[in-house]
Amino acid sequence: MHRTKTIFLNLMLPIFAVTILLLLSASFTSSRIYIHQTKRAAVSSNLEILSQTATSLSLVNDHISGIAVEIQKHPLAWEGSFLGS
């Protein structure tokens, strides 16, 4: 009976050890892939937000520039419109 347990353990321990190592390797690999994809998605999202912000700021700048040009063309028309004057 003791001989049977020894053969069983001699066969099963390497299989068990290799299985655990493969599971750890798969877990590590999947974690790295997930982290890499998460970082890539975050960078992509931030780039899109920055692009939209740049577009919005450009539109605001164009609008303010247009108002400045109008004020320079007709300064008297704008004189009473500031600060509730």
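Remember, predicted model here, so these are calculated numbers, not experimental data.
- Nearest approach of Asn10 to Pro14, heavy atoms of both residues: O-CD, 3.1 Å.
- Here the straight-line distance linking atom CG of Asn61 with atom OG of Ser56 works out to 12.5 Å at 0.5 Å rounding.
- Put simply, CG on Asp62 and CG on Leu57 are 11.0 Å apart, with the number rounded to the nearest 0.5 Å.
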Inset, instruction - Give the C-alpha distance, both sets of side-chain angles, the deciding distance and a yes or no for side chain to side chain contact (heavy atoms under 4.5 Å, CB included) between Ser65 and Val69. - result: CA-CA 6 Å; Ser65 296; Val69 167; 5.6 Å; no

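- Judged purely by atom type and a 3.5 angstrom limit, Thr19 uses its side chain to pair as donor or acceptor with the backbone of Ile15.
- The stretch residues 34-44 participates, sequence neighbours left out, in these side-chain hydrogen bond (donor to acceptor under 3.5 Å, both in side chains) pairs: His36-Arg40.
- Listed for the Ser27 side chain is no donor-acceptor partner under 3.5 Å among the backbone atoms of Leu23.
- Applying the side-chain hydrogen bond (donor to acceptor under 3.5 Å, both in side chains) test to pairs two or more places apart or on separate chains, those with a residue in residues 46-55 are Glu48-Gln52.
- The other members of the hydrophobic cluster of Phe16, by chain and number, are Ile20, Leu24 (side-chain heavy atoms under 4.5 Å, ILVMFWY only).
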